[in-house]
There are 2 protein chains.
Amino acid sequence: MRPNQPSLTPAGEVKRAQPPTLRDVAEAAGVHAATASRALNPSTRRLVSAETARRVIKAAKTLGYQPNPIARSLKTAKSSTVGLVIPDLTNPLFPPIVRGIEDVLEAEGFSAWIVNTDNDPERERARIDSLRSRQVEGLIIATARVDHPFLEALHEQGVKMVLVNRRVENLEVPCVTADDATGIALAVRHLAELGHRRIAHLAGPHSTSTGVVRSRAFRHAIRDHGLEDDPSLTVECAHWNEADGATAMRELLDRDNRFTAVVAGNDLIALGCYDVFAERGISCPDEMSVVGFNDMPFIDKLRPPLTTVGVPHHDIGAEAARMLLDCIEEPDRRPRSLLLPVTLVVRDSTAPPSARPSS
Amino acid sequence: MRPNQPSLTPAGEVKRAQPPTLRDVAEAAGVHAATASRALNPSTRRLVSAETARRVIKAAKTLGYQPNPIARSLKTAKSSTVGLVIPDLTNPLFPPIVRGIEDVLEAEGFSAWIVNTDNDPERERARIDSLRSRQVEGLIIATARVDHPFLEALHEQGVKMVLVNRRVENLEVPCVTADDATGIALAVRHLAELGHRRIAHLAGPHSTSTGVVRSRAFRHAIRDHGLEDDPSLTVECAHWNEADGATAMRELLDRDNRFTAVVAGNDLIALGCYDVFAERGISCPDEMSVVGFNDMPFIDKLRPPLTTVGVPHHDIGAEAARMLLDCIEEPDRRPRSLLLPVTLVVRDSTAPPSARPSS
DNA sequence: TGATAGCCCGCACTCGTTTGCAGTCCATGC
DNA sequence: GCATGGACTGCAAACGAGTGCGGGCTATCA
């Protein structure tokens, strides 16, 4: 008696039916398991007669046969699975990216393992090892550190991967990012057109590639518009969050009170600015304009609603996934990188500079 | 020549080393693969001599051996994996729960497959099937519908599961939720103590269990405090989001302008209220108080910062994971459910009712 | 009628690990 | 001296699917 068939024990009660296996459908179709395998697999179906294929497929359907991905993975060393390495799912930046990734993976029969690294390199290495032992066919890496301790090693071992929200120099790995440079340029142009001449920048940490790209773009844009190019108007935040944004803003205000606008490295840093405005009774946008970056969900619900650079997070994820699938299918293709367009979303945190100087 | 050993092709170039397998470490330790397996597995280690165990473990370490989870799963029909079914990762409610779940799973050597259902039953069924074919050992289900088309069937098939943020009647399945009833009671008490007598409720959809629990609790609390118990002061939102919250709020205002406070089914619905206040020039909290539910991230950054009920999302996830692991380890334990305590977070969206009537 | 080719299909092995069973070896007891 | 038992360890068969190889069958042609 086959244990994985519904069957009666001597006592008479019904034993739990195990899911049907390939042999079950083969048996039901009066055929060998090997033939059933070929019939079920579209790419080998031409090896069996049309008639038997039909019979096997029908048997599979009536039994509700689902191939066992584990067994298949063991044999083929493929898993239809990719790893998704992010710092922290709790950061509102990532969920839309993840959805974008999953939407395209799912359409191709793939799924994603998500791991959080909390930006701890040790943890990152461990999680990636665990992903690899699970036979992931590729990696989508969204951890933003600019140094790449073992990415290089992974790449040399032939691990397929694509980077999102991050570029790595001297490494032949495809990446998809938002067009940070034009985003910053749009922000600066907007402020310049409103009449601001002295604009500050709260930069993201320079240990992240977006941090350096954005602050480099800021200096460029300032010069392009012939605005006041004062290096002391840029301060680097320790992390991409409100608290460090607030600290940086305080530092800036304490040493210079003549700027009338600030472009924040991202929305969270802009939120930090809001906190400092409240502390010091600075009114935004009357006395000080702020523009953020990312257009996080609900950022339009703040008072005032934040002017910011809109980033197509879902698309970033989707494109990254598509690119990874391409790499998996044709391993020899040259890595190409993608820069996704951003848009300026003007809301109420920016206005012309007031006549009276800011406090 | 073993193909999975580093080796030289006739042409002389080094072929890529495949990860070492159990037989490799067995060979290196001068022992049979079966013995190596027993030596490496703590629970069977007592079957081999201390000396061989030492040798095998050492060999495994020097080769950098990692057991292949796929092969192990195939053999043992276990995967050290659980499925995590949520409606939409993009809803800020879920990321903290997910992190809570992953934190405890990871400590036990488990990992989670996350699937999004978008609250589509068809999709939910498909995703759950796919999870099951991947041999997940249990399910954590966070989709909030009150009807359970096939949960029952799953349960009867012996699928281990725990529900979060949701209770299901007449179903012996453990669940962990926030203490919605006391949360609502706290909110009502707070408003009553501020002096409000006529309080409205924007309920979540009654197709979700939290929707019905919270609105039942609202009626209870209103009566307990001897406040105006007018059924027309409760309106049900179509979904748990801003847009439907706003619609409900408009409806309410159009038919009654004498209430001075509203308890919203959750923070998003409260956000919808804010939108309507802006539309109609109602000032909060001067003319109208609002309290939300969940204490979403950044909800304290609104103007005015929202008074809301704080829910321990991370803990909910952690407890759910722990409970599921318990079910997996001792299948016979009686299902128990957990109600996690909530706290009222008072911010600036609530104040005593003003003397002049609200518009 | 016999040789040949071509189409289908089954056999048997493989992926890496776990595990029931049986065998070896040594020490102990009578 | 031989049986008994205990402590280890090897053998081989799984788990479920995929695949190279060869064999059987039919059709075609000389």
Side-chain angles (χ1 to χ4, degrees), chain A residues 1-5 18-56 59-60 63-80 109 132-135 137, chain B residues 1-5 17-56 59-60 63-80 132-135 137:
Chain A
M1 178 155 25
R2 305 268 314 290
N4 55 354
Q5 286 286 76
Q18 295 292 106
T21 166
L22 183 58
R23 317 168 87 96
D24 292 328
V25 348
E27 196 168 322
V31 91
H32 192 269
T35 310
S37 169
R38 284 185 270 254
L40 259 13
N41 195 325
S43 69
T44 50
R45 187 167 301 155
R46 53 178 187 76
L47 295 175
V48 311
S49 77
E51 163 58 16
T52 34
R54 201 192 51 72
R55 238 176 36 242
V56 170
L63 289 184
Y65 169 72
Q66 291 282 100
N68 180 328
I70 309 244
R72 176 177 289 173
S73 293
L74 181 59
K75 178 62 183 172
T76 62
K78 313 201 139 114
S79 60
S80 291
R132 296 188 61 197
S133 77
R134 286 202 147 85
Q135 308 266 36
E137 298 187 37
Chain B
M1 181 155 21
R2 304 267 312 292
N4 56 354
Q5 284 287 76
Q18 295 293 105
T21 167
L22 185 59
R23 315 169 89 96
D24 293 327
V25 349
E27 195 168 322
V31 92
H32 191 268
T35 309
S37 169
R38 284 185 271 252
L40 258 13
N41 194 325
S43 69
T44 50
R45 187 167 300 154
R46 53 179 187 77
L47 296 175
V48 310
S49 77
E51 163 57 17
T52 33
R54 202 190 52 73
R55 239 176 34 242
V56 170
L63 289 184
Y65 169 72
Q66 291 282 100
N68 180 328
I70 310 245
R72 175 177 291 172
S73 293
L74 180 59
K75 180 62 185 173
T76 62
K78 316 206 138 121
S79 59
S80 290
R132 294 188 63 197
S133 77
R134 288 200 145 86
Q135 310 266 32
E137 298 187 37

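Model, not experiment: these values are computed from the prediction. Within every chain, numbering begins at 1; the chains are lettered A, B, ... in the order of the sequence lines, protein sequences first and strands thereafter.
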Measure [atom1]/[X] against [atom2]/[N] and give the value in whole Å, please.
X         : N       : atom1 : atom2 : value
Arg54(B)  : dT9(D)  : CZ    : P     : 13 Å
Arg132(B) : dG16(D) : CZ    : C1'   : 17 Å
Arg38(A)  : dC21(D) : CZ    : P     : 13 Å
Asn41(B)  : dG16(C) : CG    : P     : 19 Å
Arg23(A)  : dC11(C) : CZ    : C1'   : 12 Å
His32(B)  : dG20(C) : NE2   : C1'   : 14 Å
Asn68(A)  : dC15(C) : CG    : C1'   : 13 Å
Asp24(A)  : dG16(D) : CG    : P     : 9 Å

Axial bend angle, the helix from dT1(C)-dA30(D) to dC30(C)-dG1(D): five-pair end segments, nearest 10°: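 Roughly 70° between the end axes, to the nearest 10°.
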Distance check: side-chain N/O of [X] vs OP1/OP2 of [N], anything under 4.0 Å?
X        : N       : result
Ser49(B) : dC8(D)  : no
Thr21(B) : dG16(C) : no
Arg72(A) : dG18(D) : yes
Thr44(B) : dT18(C) : no

Say whether, by atom type as modelled, one donor and one acceptor occur between the side chain of [X] and the main chain of [Y] under 3.5 angstrom.
X        : Y         : value
Ser49(B) : Thr52(B)  : yes
Ser79(B) : Gln135(B) : yes
Asp24(B) : Thr21(B)  : yes
Ser37(B) : Ala33(B)  : no

Electrostatic pair Arg55(B):Glu51(B) at N-O distance under 4.0 angstrom: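 Between Glu51(B) and Arg55(B) there is a salt bridge, with a charged N closer than 4.0 Å to a carboxylate O.
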Of the listed nucleotides dA17(D), dT9(D), dG16(C), the one nearest the side chain of Tyr65(A):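 Closest nucleotide among those given: dA17(D).
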Proximal nucleotide (of dG16(C), dA17(D), dG18(D)) relative to the Leu74(A) side chain: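 When the side chain of Leu74(A) is considered, dG16(C) is the closest of dG16(C), dA17(D), dG18(D).
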Could you tell me whether [X] contacts a base, only the sugar-phosphate backbone, or nothing, with contacts defined as non-hydrogen atoms closer than 4.0 Å?
X        : result
Leu22(B) : base
Thr52(A) : sugar-phosphate
Ser37(A) : base
Leu47(B) : base

Minimum side-chain heavy-atom gap Tyr65(B)-Leu22(B) below 4.5 Å: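 Touching, per the 4.5 Å side-chain cut-off.
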First encountered from the 5' end of DNA chain D, between Gln135(B) and Ala33(B):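 The residue mapped nearer the 5' terminus is Ala33(B).
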Nearest non-hydrogen partners of Ala36(B) and Val31(B), listed with the distance: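 So the two residues come closest at N-CG1, 4.1 Å.
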Nearest atoms (heavy-atom pairs only) where Arg38(B) meets Val48(B):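 Arg38(B) and Val48(B) have their closest heavy atoms at CB-CG1, 3.8 Å.
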